[in-house]
J.: 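Quick one: the structure is below, and I'll ask about it shortly.
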Amino acid sequence: MAQPLRDRFVEPNAQAATRERGRSKTVELRPKAEDSTPVGRRLGDVVVTEGLVTTEQLGQATAEQKRTNEKLGTVLVRLGFIAEDDLVHLLSRQYRVSVVTLPEGRIAPELLKLVPASVARKYEVIPVARRTPTSLVLAMSDPSNLSALDDVAFRTGLKVVPVIAPPSGIRKAIEESYEPESSTLANVMGEAEALAARIAATENRERTGAPSAVELRTSADQVPVVRLVNLILLDAILKGASDIHLEPDEGGFHVRLRIDGILHDVMTPPRGLEPALVSRIKIMASLDIAERRLPQDGRIKFRDEAREIDFRVSVLPTIFGESIVLRLLDKGALKLDLTQLGFDPWSLEHFQKAIRSPYGMILITGPTGSGKTTTLYSALQTVNTPDIHILTLEDPVEYNLARVTQIQVNEEIGLSFAAGLRSFLRHDPDIILVGEMRDIETSQIAIRASLTGHLVLSTIHTNDCASTIARLLDMGVPPFLLSSSLRLVAGQRLVRKVCSECKEPYESQEESLVPYGHTPQGLRTCTFYKGRGCQACSFTGTKGRIAVYEVMPVTRELRDLIMHNAPTTEICKVARDQGMKTLREAALLKVIEGVTTVEEVLRVTSE
């Protein structure tokens, strides 16, 4: 009978550790200190009791932990509230495990063979010694991770002796001991090319027509195909990509990642693997692999411990095959805090005032991928209290919000934006979010809802705030309804930030920004920043994005202009006289603050 997993784990023994240290130079184990720290106490209680952090610091770290889904210890170290070594020794006492000093250089190859690199990186563990022929000493950053212990014990068939080491030391040891990930990519690509060659040879001998569903499923389940698809998805997650593009053309099959709004080529798999790769993604998204003539949409759910990521899949038939785009929806990376999105103080004040209004309509405008959904969700999160009933009608629902009733549009069964809105008004909402103002019917129902005691939030595709008025009037919304209901319009774009790891300062005059649309503020000499390029930013000089906003509160003067169907230029002039900053002006202020560059501002905004 196989040994139960629970029996494969053994508590480290101080005397055995001492004997092992005398026999081997591979690892040094320190006997755990005897104390009364009880196993099972929460780390937050322990660090406060030990006097390592204050109650206020713990509260700040706990709030950050809820936002990022990191472990509390990781957050405490990252915020500088506790030293990494102090945390390691505290966890050692709490979980009754020894502290290990990792050796310099590469771990012994015979040990590395026991724990694959993927497992080591996933759980942040590394094997450091064989205490007996049937046991393995495993250095861990989190000795309470039973999933890691389970996995290693199952793979090796050995008793696992957990010891603790600093996370930074384990990460360094993993990188020094295992082959770099690039070699993993090379291996997977090599396997994929070999499979493509076999498929091509088979086709030359047997192919008489298009592959059948059975053949597609068989090829999609081939190990090299599974590994390659998993590698593409994981690479996108690690690089912080927002979209994955798999695109066939006449000459090949290309994979590109959209990172910080810019597409980058990452690999070119063999053209012969296109049907297998597409079929593999379709299977993961529960789509019809036999249908290759019509567009399809699906979803792939990915969970890595506490982190949950959805891939929204869109399949589109082209003349050279099927093109696939996967949109990454990372719930852990979603920041629902208006103060962190990029609003300047004046814009933030007026936006917060508008979303706390008892009724009226607020519109967010901007192109696809400009962060409108994040702004809307952040607004809902700000006003979401137990005494408020919030309904949303979206296409699609990208993120699930607590205490918010969210409805997915389904045109095939007649659940359109307009039909859903009619039902909403009988469902006693206080706040309504409509995914998009697509047509006159939806717009008129939303406007009438805003005039009958509801706050309505929605999006619309226009270039700036002033042109939103013209767009709604052009759709057929009567001026008197629009002027009575509209409370605020916000336009937004996303600009790439200067990489914090390699940014370099340089001096320039404020007047140098005037030709681009900046209004001088008397600063004269300014310190700007640009990225030199480093490994953290893939040598682009930029990493991450921040929103720039153009916020136009609809004042009494603007209502009169809307009522009289005034031209867009006049509406924009009056709004600027009342304090509104255009997108270009708001973005140039980010340059003065050292957040972005002039080149990036010119790329995403127009005068």
J.: For Ile447 and Ser485, which heavy atoms make the closest approach, and how far apart are they?
T.: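 For Ile447 and Ser485, the tightest heavy-atom pair comes out as CG2-OG, 3.4 Å.
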
J.: I want to check something: taking the side chain as every heavy atom from C-beta on, are Leu329 and Arg299 in contact at a cut-off of under 4.5 Å?
T.: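 The answer is yes; the side chains approach within 4.5 Å.
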
J.: Over all heavy atoms of both residues, which pair between Val601 and Thr596 is shortest? Give the atoms and the distance, please.
T.: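 That closest heavy-atom pairing would be CG2-CG2, 4.0 Å.
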
J.: Compile the donor-acceptor pairs under 3.5 Å between side chains in residues 239-246 and protein atoms, sequence neighbours left out, one pair per line.
T.:
unit_1, atom_1, unit_2, atom_2, d
Lys239, NZ, Asp235, OD2, 3.3
Ser242, OG, Arg258, O, 3.3
Asp243, OD1, Arg327, NE, 3.4
Asp243, OD2, Arg327, NE, 2.6
Asp243, OD2, Arg327, NH2, 3.4
His245, ND1, Glu247, OE2, 3.3

J.: Which one of Val489, Val554, Leu488 satisfies the side-chain contact (heavy atoms from CB on, under 4.5 Å) criterion with Cys465?
T.: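 Only one option passes, and that is Val489.
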
J.: With Glu124, which residues qualify under side chain to side chain contact (heavy atoms under 4.5 Å, CB included), at least two apart?
T.: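 Partners of Glu124 under the side chain to side chain contact (heavy atoms under 4.5 Å, CB included) test: Ser141, Pro167, Ile170, Arg171.
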
J.: Are Arg438 and Asp395 close enough that some pair of their side-chain heavy atoms sits under 4.5 Å apart?
T.: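 They are in side-chain contact.
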
J.: Can you check side-chain hydrogen bond (donor to acceptor under 3.5 Å, both in side chains) on Asp265 and His254, steps first, answer last?
T.: CA-CA 7 Å; Asp265 284 308; His254 308 282; 5.2 Å; no

J.: One thing to verify: whether Lys122 and Asp151 come together as a salt bridge, which I'm taking to mean a side-chain N less than 4.0 angstrom from a carboxylate O.
T.: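 Not counted as a salt bridge, because no side-chain N and carboxylate O are separated by less than 4.0 Å.
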
J.: Quick check: do Thr392 and Leu380 have side-chain heavy atoms less than 4.5 Å from each other?
T.: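 Heavy-atom side-chain distance check passes, below 4.5 Å.
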
J.: If you measure from CG on Leu391 to CD1 on Ile432, what distance do you get to the nearest 0.5 Å?
T.: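 Interatomic distance, Leu391 CG to Ile432 CD1, rounded to 0.5 Å: 6.5 Å.
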
J.: Within this structure, what is the OG1-CD distance for the pair Thr442 and Glu436, rounded to the nearest 0.5 Å?
T.: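 Here the rounded value is 9.0 Å.
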
J.: Any heavy-atom pair between the side chains of Tyr399 and Gln406 that's under 4.5 Å?
T.: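 When only atoms from C-beta onward are counted, Tyr399 and Gln406 do not touch, as no gap falls below 4.5 Å.
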
J.: Has Asn384 got a side-chain atom pairing as donor or acceptor with Ala402's backbone, closer than 3.5 angstrom?
T.: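 Yes; at least one donor-acceptor contact below 3.5 Å.
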
J.: Begin with the C-alpha distance, continue with both residues' side-chain angles, and end with the deciding distance and a verdict on side chain to side chain contact (heavy atoms under 4.5 Å, CB included) for Arg280 and Leu228.
T.: CA-CA 10 Å; Arg280 178 63 192 169; Leu228 185 55; over 6 Å; no

J.: Are Glu274 and Glu322 close enough, and set up right, to give a side chain to side chain contact (heavy atoms under 4.5 Å, CB included), and what steps lead you there?
T.: CA-CA 8 Å; Glu274 181 263 334; Glu322 291 180 283; 4.3 Å; yes

J.: For residues Leu277 and Pro269, report the shortest heavy-atom separation together with the two atoms involved.
T.: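 Closest approach of Leu277 to Pro269, heavy atoms only: CD1-CB, 4.0 Å.
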
J.: List the residues meeting side chain to side chain donor-acceptor pair (under 3.5 Å) with Glu550, not counting sequence neighbours, and say none if there are none.
T.: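 In terms of side chain to side chain donor-acceptor pair (under 3.5 Å), with neighbours along the sequence ignored, Glu550 is linked to no residue.
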
J.: Apply ring pair (Phe, Tyr, Trp, His ring centres under 6.0 Å) to Tyr549 and list each qualifying residue two or more places apart in sequence or on a separate chain.
T.: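 By the ring pair (Phe, Tyr, Trp, His ring centres under 6.0 Å) rule, Tyr549 matches Phe343.
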
J.: For the residue pair Glu600 and Thr542, confirm or rule out a side-chain donor-acceptor distance under 3.5 Å.
T.: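 Short answer, no.
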
J.: May I ask you to test the Ile281-Ile300 pair for a side-chain heavy-atom distance under 4.5 Å?
T.: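 With C-beta onward as the side chain, the pair touches.
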
J.: List for me each residue that meets side chain to side chain donor-acceptor pair (under 3.5 Å) alongside Asp474, sequence neighbours excluded, and say none if there are none.
T.: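 Side chain to side chain donor-acceptor pair (under 3.5 Å) check on Asp474 returns nothing, list empty.
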
J.: Does atom CD (Glu411) have a neighbourhood of more than 12 heavy atoms from anything else shown, all under 6.0 Å?
T.: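 Enclosed: over 12 neighbouring heavy atoms sit under 6.0 Å from CD of Glu411.
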
J.: Would you say the side chain of Met361 lies within less than 4.5 Å of the side chain of Ser458, judging by non-hydrogen atoms?
T.: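 Side-chain contact under 4.5 Å: no.
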
J.: If I compare all heavy atoms of His454 with all of Ala449, which pair ends up nearest, and what's the gap?
T.: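 Looking at all heavy atoms of both residues, the shortest contact is ND1-O, 3.0 Å.
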
J.: Once salt bridge (charged side-chain N to carboxylate O under 4.0 Å, His left out) is applied, what residue pairs with a partner in residues 352-380 remain, sequence neighbours excluded?
T.: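 Those involving residues 352-380 do not exist here.
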
J.: For Tyr359, is the OH atom crowded, meaning more than 12 foreign heavy atoms sit under 6.0 Å from it?
T.: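 No, the 6.0 Å shell around OH holds no more than 12 heavy atoms from other groups.
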
J.: Please report the closest heavy-atom contact between Ala379 and Phe351, naming both atoms and the distance.
T.: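 Reported closest heavy-atom pair: CB-CE2, 4.0 Å.
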
J.: For His389, which residues count as a ring pair (Phe, Tyr, Trp, His ring centres under 6.0 Å) partner, sequence neighbours excluded?
T.: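 Testing His389 for ring pair (Phe, Tyr, Trp, His ring centres under 6.0 Å), a comparison that skips the adjacent residues, returns His427.
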
J.: Under 4.5 Å between any side-chain heavy atoms of Asp310 and Arg312, yes or no?
T.: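 A side-chain contact is absent here, since even the closest heavy-atom pair is not under 4.5 Å.
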
J.: Does any non-hydrogen side-chain atom of Leu233 lie less than 4.5 Å from one of Leu326?
T.: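 A side-chain contact under 4.5 Å exists here.
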
J.: Kindly write out the residues that satisfy ring pair (Phe, Tyr, Trp, His ring centres under 6.0 Å) with His350, not counting sequence neighbours, or none if the list is empty.
T.: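 Counting only residues at least two positions away or on another chain, His350 forms a ring pair (Phe, Tyr, Trp, His ring centres under 6.0 Å) with Trp346.
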
J.: With sequence neighbours excluded, what pairs up with Gln381 under the side chain to side chain donor-acceptor pair (under 3.5 Å) test?
T.: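 Not a single residue meets the side chain to side chain donor-acceptor pair (under 3.5 Å) criterion with Gln381.
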
J.: Return the OG1 to CE distance between Thr365 and Met437, rounded to the nearest 0.5 Å.
T.: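 Separation between the atoms: 12.0 Å.
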
J.: Heavy atoms only: give me the nearest Ser370-Leu494 pair and the separation to one decimal.
T.: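 Minimum heavy-atom contact is O-CG, 3.3 Å.
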
J.: Tell me, please, which residues at least two apart from Ala575 pass side chain to side chain contact (heavy atoms under 4.5 Å, CB included).
T.: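 Result, side chain to side chain contact (heavy atoms under 4.5 Å, CB included) vs Ala575: Met552, Leu558, Met580.
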
J.: For the NE2 atom of His461 and the CG atom of Asn463, what is their distance to the nearest 0.5 Å?
T.: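 One gets 11.5 Å once the value is rounded to the nearest 0.5 Å.
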
J.: Do we see a donor-acceptor contact under 3.5 Å between the side chains of Asn145 and Tyr123?
T.: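 Distance-only check fails for Asn145 and Tyr123.
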
J.: Nearest 0.5 angstrom please: Ile232 CD1 to Ile237 CD1, how far?
T.: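 One gets 12.5 Å once the value is rounded to the nearest 0.5 Å.
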
J.: Looking at Gln492 and Gly366, would you say the former's side chain and the latter's main chain have a donor-acceptor pair under 3.5 Å?
T.: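 Here the side-chain-to-backbone pair does not exist.
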
J.: Any chance you could lay out the side chain to side chain contact (heavy atoms under 4.5 Å, CB included) test for Asp464 and Cys572, step after step, and finish with the verdict?
T.: CA-CA 9 Å; Asp464 53 39; Cys572 183; over 6 Å; no

J.: Evaluate Val548 against Arg584 for side chain to side chain contact (heavy atoms under 4.5 Å, CB included), listing each step before the verdict.
T.: CA-CA 9 Å; Val548 292; Arg584 173 63 64 85; over 6 Å; no

J.: Without swapping roles, check the side chain of Arg496 against the backbone of Thr597 for a donor-acceptor pair under 3.5 Å.
T.: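 Checking the backbone N and O of Thr597 against the side chain of Arg496, no donor-acceptor pair under 3.5 Å is found.
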
J.: Measure the NE2-CZ distance between His264 and Arg256 for me, rounded to the nearest 0.5 Å.
T.: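 Rounded to the nearest 0.5 Å, the NE2-CZ separation comes to 10.5 Å.
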
J.: Partners of Ser483 by side chain to side chain donor-acceptor pair (under 3.5 Å), sequence neighbours excluded?
T.: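 Expected list: none.
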
J.: Please list, chain by chain and in numerical order, all residues satisfying side chain to side chain contact (heavy atoms under 4.5 Å, CB included) with Glu291, sequence neighbours excluded.
T.: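 Listed in chain order: Asp288, Arg293, Leu294, Gln296.
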
